[in-house]
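Taking it in order: structure first as structure tokens, then the write-up.
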Amino acid sequence: SPGGGGYVDNAPPADPGQPVYGGHLRVALEGETNNWLPGRGNHVAPAALTVAMALFDPLVRLDHEGRFQPYLAESVTPNENFDVWTVRLRPGVQFHDGTALDAEALKWNFDNLHKRQGSVTFGSIRDIDRMEIVDDLTVNYFLTRSVVPFPDMLTRAVGWPVSPTAVQRYGEEAGLYPVGTGPFQLVEWRRDDRLELRRNDNYWREGLPYLDAITFRPLPDEDARVASLISGDMDVVQTLRQHIVDRLRRMSGIYLYEQLGNSSGSAIFNAHRPPVDDYRVRQALAWAVDPEALVEVLGGRGISPVQTQYFNEDSVWYSPRVAAAWPQKDQQRARELVSEYINDPQRSDGLAVGEPIALELMCLPEQSLVDLAQMYQALWNAVGFDVRLRQVEQATQIQSVISGDYMTTCWRTSNEQDPYIILNNDFGPPDVQPLNYTNFTHPLIDEKLTVLRTEPDFDKRKAAVEEVMMLLTEQVPNTWTGSTPSAVATQPRVRNIKDWTFPDGRLGDGMPVAQVSWAQVWMLDEESWLAEQAAVSAAAEEAGE
Amino acid sequence: MPVDRSRSPRVPAEPLSPRRSSGGSAARTSRALSFSVAVRQVFGSGFGAGFWLAAAWLLIVLCCAIFADFLPVRDPLDPVIANRLNPPLTTNWLGADGLGRDMLARLVHGARVSVVISLTAVSIGMVIGGTLGILAGFFRGHFERALMAVLDVILAFPWLVLLLALVAFIGQSLTAISVAIGLLWIPAYARVARANTLSVVQREYVLAARAMGASTLRILWREVLPNVILPVLAYGLVAMGLVIIVESALAFLGLSVEAPQPTWGGMISEGKRHLATAVHVALVPSITMFLTVLSLNYVGDRLRSRFEVRESNL
Amino acid sequence: MSLQIENADVSLLQVKDLSVRLRGETGTVHAVSDVSFSLQRGQTLGVVGESGSGKSVMARALMGLLPRRATREKNGQILLATDAGNTDILTLSERTLREMRGRDMAMVFQDPMTALNPVLTLGVQITEPLRQHLRMNRAKATERAVELLSLVGLPDPTSRINQYPHQLSGGMRQRVVIAIALACNPRLLIADEPTTALDVTVQRQILDLLTGLQQQRQMGMILISHDLGVVANRADNIAVMYAGRIVEYAPVQTLFSAMQHPYTQALLKSVPRLSDPPHTRLQAISGRPPQLINPSPGCAFAPRCPYARQRCHRETPPVTSAADNHRFACFYPVSEQTGMQSNEVWV
Amino acid sequence: MSCSKLPQLRDREDIVLRVENLLVTFEVGDKQIQAVSEVSFDVARGETLGLVGESGCGKSTVGRAIMQLPPPVGGRVLFDDQDLTELKGEQLRQTRTGLQMIFQDPISSLNPRRKVKEIIAEGLQIWKHADQAARVDEVMEAVGLDPETAGDRRPHQFSGGQCQRICIARSLALDPQVLICDEPVSALDVSVQAQILNLLEDMKQRYQLTMIFVAHNLAVVKNISDRVAVMYLGKLCEIGETNAVYSRPSHPYTRALLASIPEIDSRHDNAGGSIPLLQGELPSPASPPSGCRFRTRCPKASAICAEQEPLMRAVNAGAKDSDHFVACHFPIEPDENLTDPPSDSPEP
Amino acid sequence: MSGLLLRKLPWLAGTLLAVSFFTFLLVSLLPGDPAVMILGAGGVSPEAVAALRAEMGLDRPLLVRYFDWLGSALSGDLGRSPMTGQAVTDAILSRLPVTIQLGVMAIIIALLLAVPLAMMSAYFAGSRFDRAISGLGFALMSIPSFMMAIFLILIFAVSLNIFPATGWIPFSVSPAGNLRSAMLPALSLAMIELALYMRLLRTDLITTLQQDYITLARSKGLPNWLIMFRHALRPSSFSLMTVVGLQLGGVISGAIIIEEIFALPGVGRLLYQSILQRDLLMVQGIVLFIATAYVVVNFLVDLGYSLLDPRVRHAG
Ligand SMILES: Nc1ncnc2c1ncn2[C@@H]1O[C@H](COP(=O)(O)OP(=O)(O)OP(=O)(O)O)[C@@H](O)[C@H]1O
Ligand SMILES: Nc1ncnc2c1ncn2[C@@H]1O[C@H](COP(=O)(O)OP(=O)(O)OP(=O)(O)O)[C@@H](O)[C@H]1O
Ligand SMILES: [Mg+2]
Ligand SMILES: [Mg+2]
């Protein structure tokens, strides 16, 4: 049965060997992206992020220790107040169309693509007031207040410069013709079919990339994607689904790369909506949950560890104290809380004493989420709730969540950013922070957010995070399932999916959310592949004798 | 899918060629039209074992749907994680699904949804479409032309698009889905009913009733309706099969009846996730649905062919 | 039971004990039973009978065109004189039959409205047998088709060749069907109610055309009709069919002057005549024509026959010969009925 | 009452039904066809009027137009001096019950889903007559059906002849004055046809019916009619006493029609070809010939026939009470030589 | 013929106008704000949404938007998707070849199989062969196309590895690869059509084979194959033709699901994705396009009769 035995050792070799130049890689993605223009397209999905790693370069990236390091930028430095940040660009970097990446281009990006109404990134940079050019390669970002984790903003779409000339040239169609500084440049995009890229010969990193070309193909059907790997149609596939990871773990003849993310599935509660406005109800819901069962339903046993907070065990922000305090798997406790609420004459849902608590759980028509929702339903009904599922399309879900017109909903949290950014989004005051979908606020959180925003010291920041997390174990604005695994499976000829490095040789953060740094991936050609095979079998024979 | 087989080639009858029908030929024609044969065929033998097998299967499905709550099956909504993806013939006779729920129980309860959806949808189509069709065929003229034009326009839209829009608009409850699919069915039914009405109205008993002073309402009710309803009902069986398929297509896109209500289509699309590891999750409901739709098609087609209106009348 | 057929050697067609059964969903239809007759070159045999009496099935049997589910009794024979001598149609292979159809024997159908393929031009339909049997090339066949059309009196044949059936009236279409039948100069022409579907005024034209051509080409013709009047003046012999059997067979004059079978007599009396004054009381035949499904023994007409006795209900009457070439199947023929003059109807 | 333009309308007390200038058109595609064009005739009480003509000449349409099913486009239909075309709704339904109709196809004129008794009682039910059962039994017996055994069966269990009896019973149940028979025997076997014809005669006596009998079989029409009206392409050609019309046809069309009948009796047979056969086909009713509609097939046609439409006029106008009318510019005189050259019998 | 055309054209125009309005109405039924979908869960604030709505013109009344849209649609401009920045017309045109190829291949496969099968079935009506074929037809009709697709993938792609499971190779890249990649999706689509065509043609053929003119053809001594092909097939194919036209809607609906499963860059998939993303302009454009194509194709089928059926040709 899944989660049990049957796993094969298909981990990539520790030593990937010598890089080989050339080759045309075919990559199957989870989905398609609507628009490649940063600020216009919706670049949070893994499929978009991984392609962006080929087309664009972020100004800042995280290293393996979770610290911000300049990548496309040469340096990123704050003033002592952390409200003015100076970014210095590397000299000589060019966009694919030959336009130089300079301060002018960067400012143009900021002004025209991001800091404008209707831009997708507008909300995430509300703390940045404006940007000024210092010299040819230097700019200053002026913030409205101190933000210590400012560089985080430059790891995402805001930090992916595109060629201003190209955007202006293509006008309304700029989203179809991405021109970045990345290791690969666009040949052709046939939406929903393929994105053909070829090597950027003027890439700023000497000797990179290794591959000649990459074809990205969106194959949204998980089984079809795996099938395309088996049949050899594809060289690389990505997935974030536990049961697919489980399948991949059983497949020999491939290499499987996994990396656990901080993100997790969850159910979020609308704190403005009875009965989940009452923390007792939310607590009861949390105690009733058996996260292992949820993970099991997702097919993730042995793949996704149960999540108890915003970060997984591998994260530097992880707190064992919070993990221990997180309410879960105590039906008795849940029932008590339920009956306490039910018998409260002042119960917030206005129902008569003794009436069961009616709850509506919204979910998307995506099969694994439907399964998940049904498991939630069963678990909650078991402790005395009366849960109704409401299945809605994504369009309706987002609309309802944004307008606060929901009670509880299945939600996927994206926790890969800095704690300040995450927590500020999720629990900032709803009137200024539209991303606070739970409408949950607390003075303690506000206080700790200020610490996180202004305090550069890691330990102090971590303590603040822990405080907030502890509060959440009591207030429970949401529940968790298991950490989202991200996996990339490749044909064995493909090498070095995960171990990318900064120009100075520092090891990068791997492949969070299956986001691969394509510049440093290579692929054995026929010759070296055969040679390697021969060597392996010779070695095996030798060992046998 | 609402395949509209009622629309016939638009070959007009021979333009204005008066046909002498006299003596033997007319007698033979009327003999061919004679209902004695038809009725003997309907109520007598001649259906064959296949028909009765199919009918028996439909009866079983119907019984499951009606008595689902009383049948000795497990709780279809109770997830037992330990049973997750159990293959058939273990703790669970037909295996368990991804949540460890008993497939047999879900099939039995899913039958209810299938029956409710197909009955409701077909009834809606039948009542609204049938009424419109009968009225159009009976009153002809502008009303008919307008109705046919509207139906033509509606038919121009792929049914799935209409359905997606309807479902997005009215929601995904059992009622909403039934209604959405039912609305989709109106054009097909209107056409079938109209075609049959046209042929009935030509019959001289309608004229005779008129001559006797029967009111229009009486004619519609006593002369037209009884003769239109049988072929329309028989078409209903085939349509029910199609409704089940349509539901499964919706379920495949995740837009059918909301969980945890088990539906066959929903079970199939749920099983799709486990195709590689536990085929039975998709296969068992697939086979059930296949057999049911096959039976509906077969029985419906057999019945329909007995009442079918000749092409030229369509 | 079968009867002697005179001049067997000069006969164009000899049918002996032909029986056809059709298996249906509700039972076996005894469509044709023990039919025997012969036909000379240049002669016309009129076959009269009510609807369902088996006329068409018999005609199709002669053409070897029975439906698949038809069965024939083993001892029956249909001998047709061809260039290769007498051949028994019932024993021929489908292939040989196909070669004979249209060449040695041809058929004209009841309803010209449905007998022509609506989507093929007349030219194609007329030239088909020519090309099939006489291996003519297209030009030659077309030329011949034009000739045929003018032969059957269709005005403006050259342009008609390219027209479609629906552009012609019923009478014209029947002429085309006749032209098709005549295309390969068949020896035997079977006309199955060729005018029933036509208006009276056109009916005359077609009948005259048919008989004229038959005379001219010395074909043997079987003219089938439910109307005695149609065959009365055009046939040499008349066969009256009832319930799949020939109940009386006689030369025209004999039949009308000395009919023997009660059914023939009743038939003549029951149809209104122009010569009678208005409101002449008709002699109706009581009851209704029999069903041919699984018939019970005995004379099929017995239940309606005024002269029927016990025996008629038990035994099937054998065919007896009265006078020269006059045969009937009845135990108690009209001539034996006291106080009944067989030619009473004429007065 | 009769206007001069319509001499064939008789000025008599006992006229039950009078049809004046009946006009019926149909839309077929974009074309309009006049199925019945200015047809006028009348029927006296107890009389049977035969209506003959070739297929498609509008006989049935006349019958239906009289019933107002559908109402004619023009003209009047006076039934008991009441103009049916002016009646509407309830009144029309009520008055119309005095007229009943029997159709060609007895099987299609019976609703297969209803029992024989229900079918016959339908009219009584509609008008809520008292004692329906008794009346149904009475008419069933009258037409020779056993109410006991036949009443509860459905039409498909009966033969064509019996179905026609049911139809007759149904139309008689409401005690109509006029019975319009639209080819009631054409669909029947010859041996059954006589039964029905006899039955109709009997019923006519028993219920004092007035009948309009539509048929294309001239012998049948002659057998049952007192007067005969001959139609051609929507027009009335000739109308008169049956004997007169049959023995001295005045319209060339009537004569040709009579000559065409295949008869056993050679006295009436035209095998010798003394009367010219009609050539050509019925013109399309959508574009009828100008003037006299028969002129395209008429051996006597001349220029005037194409220009002027012939009016109805009395044959043998000398005789005061002549009841024989014809619409022809050159009617055949009673003593006319019938030996026109057989100009166009088909030559092989 | 041209007269027929002239008479029917106003009808065609009227229908198309109705279709366009219905399209617009249908799309505006969809709940969910496109502006919100564009901004995504990550970037919404009420002002941003309002600004975007205004930018997209969504704040104007329905009728105004309709006429505006219709006006530019008439000049061939279906607008530009606010989501992707792609011109709707370009998007449709670039996707169209895939869907057309799929549909045409499906219909051709279905016809190639259906016509001979139906002919044999009708010729041997009532035989065991006929019953087997009918049974097959019933079975095919009872399998939804997505199930068919899944099973075909399992068999031909995963087990046998004959055809690729997903993906599309354009004809220009590799004709053989193109056919290979289109095979399974076209087959999945073809199966239901096949059953439908087969049953329809069989019924019509059986009716035709009972016609007098077939007996006449037989009485001419023509060989059976000639009778079947020349005399029987053509008069029996009118309903088939109509249904092939009418099934266009069915094929497109099927294509939505099939393209989704096989990840084909066709119009169906674009439509479905656009519906989910509330890319209204795109949805409107595609639906209008499909519906128009449907109306026009069926109009042409109507005219096509006149080529096949002389009765219509001369009636016009
Ligand atoms: N294909 C068939 N299958 C079954 N029964 C048939 C078939 N064709 C004819 N019959 C039956 O065989 C009998 C003789 O039919 P046939 O057509 O020869 O009669 P007919 O004398 O030609 O009548 P009509 O005057 O109506 O043409 C009838 O009882 C008829 O119902
Ligand atoms: N409902 C109708 N719509 C269009 N045309 C019609 C209709 N009914 C009759 N016609 C046409 O009107 C003309 C007269 O038809 P009608 O039925 O009265 O002829 P008929 O003399 O009764 O012929 P038949 O002897 O064939 O019954 C014909 O040309 C016919 O095609
Ligand atoms: Mg016959
Ligand atoms: Mg008529």
Side-chain angles (χ1 to χ4, degrees), chain C residues 23 25 56 59-60 62-69 94-122 124-133 162-167 173 176-177 180-181 183-184 186 189-190 192 197, chain E residues 1 4 119-131 201-202 204-242 303-316:
Chain C
R23 271 174 291 116
E25 287 182 9
S56 299
R60 284 163 149 265
L62 298 183
M63 293 291 291
L65 280 179
L66 286 174
R68 219 194 315 271
R69 54 184 167 178
E94 172 62 27
R95 197 189 162 80
T96 332
L97 256 180
R98 201 189 296 147
E99 276 163 21
M100 287 173 64
R101 278 187 217 128
R103 195 184 60 195
D104 294 311
M105 52 205 184
M107 198 161 170
V108 176
F109 291 87
Q110 171 170 354
D111 189 350
M113 294 301 173
T114 58
L116 292 173
N117 193 323
V119 299
L120 297 177
T121 60
L122 301 179
V124 171
Q125 302 193 53
I126 300 172
T127 52
E128 265 181 338
L130 296 168
R131 304 189 64 183
Q132 179 71 25
H133 296 299
N162 295 320
Q163 290 191 330
Y164 288 91
H166 72 270
Q167 292 167 292
R173 288 191 216 185
V176 174
V177 175
I180 293 175
C184 299
L189 184 66
I190 300 170
D192 186 0
Chain E
M1 177 99 183
L4 188 73
M119 283 174 84
M120 286 196 277
S121 228
Y123 189 78
F124 297 109
S127 70
R128 201 165 291 172
F129 173 80
D130 176 36
R131 284 206 296 270
L201 185 58
R202 174 183 170 275
D204 284 4
L205 269 172
I206 287 180
T207 317
T208 305
L209 287 178
Q210 285 163 355
Q211 297 293 312
D212 283 354
Y213 56 81
I214 297 295
T215 318
L216 178 69
R218 291 181 68 199
S219 81
K220 288 177 192 170
L222 299 181
N224 287 332
W225 65 266
L226 192 69
I227 295 179
M228 288 305 288
F229 278 95
R230 187 192 281 169
H231 286 264
L233 186 56
R234 192 132 80 98
S236 314
S237 53
F238 299 119
S239 4
L240 184 64
M241 233 174 101
T242 321
L303 287 182
Y305 278 146
S306 8
L307 295 180
L308 261 185
D309 190 341
R311 284 169 292 187
V312 187
R313 197 184 322 166
H314 295 106

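A note on names: the letters A, B, ... follow the listed sequences, proteins ahead of strands, and every chain is numbered from 1.
- Only the side chain of C:I180 comes within less than 4.5 Å of a heavy atom in chain E; its backbone stays farther off.
- The most heavy-atom pairs under 4.5 Å with chain E, out of C:Q163, C:Q125, C:E99, come from C:Q125.
- Contact check for E:N224 versus C:R98: side-chain heavy atoms found under the 4.5 Å cut-off.
- Applying the side-chain contact (heavy atoms from CB on, under 4.5 Å) test to E:S219 and every residue at least two apart in sequence or in another chain returns C:M63, C:L65, C:M107, C:F109, E:L216.
- Distance check, rounded to the nearest 0.5 Å: CZ of C:R101 to CG of E:L222 gives 10.0 Å.
- Only the side chain of C:R60 has a heavy atom closer than 4.5 Å to any heavy atom of chain E.
- Residues E:Y213 and C:P118 are in side-chain contact: their nearest non-hydrogen atoms beyond the backbone lie under 4.5 Å apart.
- Contact record, E:D212 with C:A115: CB-CA, 3.8 Å, taken as the closest heavy-atom pair.
- Note that the OG1 atom of C:T114 and the CD1 atom of E:I214 stand 11.0 Å from one another [nearest 0.5 Å].
- Of the two parts of E:T215, the backbone and the side chain both hold a non-hydrogen atom closer than 4.5 Å to a non-hydrogen atom of chain C.
- Note that CD of E:Q211 is 9.5 Å distant from CG of C:N117, once rounded to the nearest 0.5 Å.
- Applying the side-chain hydrogen bond (donor to acceptor under 3.5 Å, both in side chains) test to C:E128 and every residue at least two apart in sequence or in another chain returns E:K220, E:R230, E:H231.
- The environment of E:F129 atom CZ is dense: over 12 non-hydrogen atoms of other residues, nucleotides or ligands sit within 6.0 angstrom.
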